[in-house]
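In this chain, residues are counted from 1 in sequence order. First listed ligand is number 1; within each ligand, the first listed atom is number 1.
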Amino acid sequence: MKKKICFIATGGTIASRDMGSGLLPGMDAGQLLAAVPQLGEICRFEWVQLLQLDSSNLQPEHWRQIAEAILARCGIYDGFVISHGTDTMAYTGAALYYMLRNIPKPVVLTGSQLPMDQPGTDAAENLLTAFQAAASGRGGVYLAFGGHVFWGHTAKKLYTRSFRAFYSINGPEAGCVDSRTGQIVWQCREEQAGTLVPRLSLDDRVAVLKLVPGTSPELLRLLTDAGYRGIILEAFGAGGVPSDESSRSLLPMVDYAVSRGVILVCSTQCLYEGVHLERYEVGVRAMEHGVLSGGAATLEALTARLMLALGEAGEAEAAKRIFINQ
Ligand code: ASP
């Protein structure tokens with residue numbers, strides 16, 4: 001018996017048409033599926049039109065809506081495919097990965113660089129890969145794109161137009177489509193470390209401060225005073241945070257933020273190999289003032305982890321523990 005897959009459509013380029021003022025989602029889930037008749041060879045399916053958004057308009061409350069839609073149907077279907085705009089798909093992938101950790105069914109996000117009804121589109125191929133992954137029986141949250149399958153929390157969009165738009169950052173891909181057979185060759189074992197405990201509480205008071213030479217420490221005060229509870233410092237290299245005796249040292253404002261219960265996490269502007277705060281004095285000092293390391297996680301994953309930790313814990317120490325242990 002073929003697997004039964006639920007297709008949840010949320011918009012994005014894949015469903016877009018040019019409405020005269022730029023691309024805008026306009027095709028519904030049924031129209032997308034009808035455009036790829038080969039899907040019927042892979043599985044049986046039903047669909048839900050959950051959202052119809054350009055993913056730039058997709059917010060943390062939508063992550064929750066998607067997670068709830070999956071959870072409500074988890075007993076009925078063997079897997080899920082979610083069509084989604086590519087621009088924030090890595091954020092949704094990371095969020096669902098942490099919200100639905102240990103989900104026993106495959107949850108696979110996909111989208112495309114060209115709309116389904118445009119000549120030469122990558123939409124049909126991406127849908128086929130995603131449905132194949134969803135029918136694989138391998139539980140977990142994935143993103144299928146450009147002939148590759150990624151874990152939800154390590155994928156990142158690196159290209160705005162190329163069909164091979166996503167890459168896995170600081171971790172292996174989950175699988176790759178064999179160009180001869182058209183089948184996914186899985187490159188890692190299924191990740192099942194316990195039972196699913198859905199996490200649906202998110203606090204979106206998280207900001208990212210990207211440092212440039214000349215950044216005013218006042219920005220950190222402004223974010224703290226504006227009520228942000230988690231701030232990701234996108235620092236230099238291995239985790240360099242300005243910390244000498246000059247007026248541009250961030251440390252006094254790090255102290256200000258930390259004393260008000262803000263969780264500060266250091267990320268890096270380097271794409272690969274992560275943060276190593278212990279390597280340079282500029283990192284060690286930041287750490288001594290309470291800045292946590294974001295390690296090798298992507299900005300997307302750190303954002304989701306911080307929002308979840310803050311959503312689950314009222315006070316900073318408890319939220320920090322949750323953030324670190326994810
Ligand atoms: N702007 C679109 C979106 O993210 C881009 C895409 O889907 O490729 O919704």
[X] and [Y]: side chain donor to acceptor below 3.5 Å:
X	Y	result
Lys156	Thr298	no
Tyr77	Glu46	yes
His148	Arg164	yes

Tyr228 OH: over 12 foreign heavy atoms closer than 6.0 Å: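 At most 12 heavy atoms, drawn from other residues, nucleotides or ligands, come within 6.0 Å of this atom.
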Output the set of protein residues with a heavy-atom contact under 4.0 Å to ligand 1, ordered first by chain identifier and then by residue number. Gly12, Thr13, Asp54, Ser55, Gly85, Thr86, Asp87, Ser112, Gln113
Pro25 and its side-chain contact (heavy atoms from CB on, under 4.5 Å) partner, picked from Ser83, Ser55, Ser16, Pro115: Ser16
Does the distance from a Lys or Arg side-chain N to an Asp or Glu carboxylate O, for Lys157 and Asp87, drop under 4.0 Å?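 A salt bridge is present here (some side-chain N lies under 4.0 Å from a carboxylate O).
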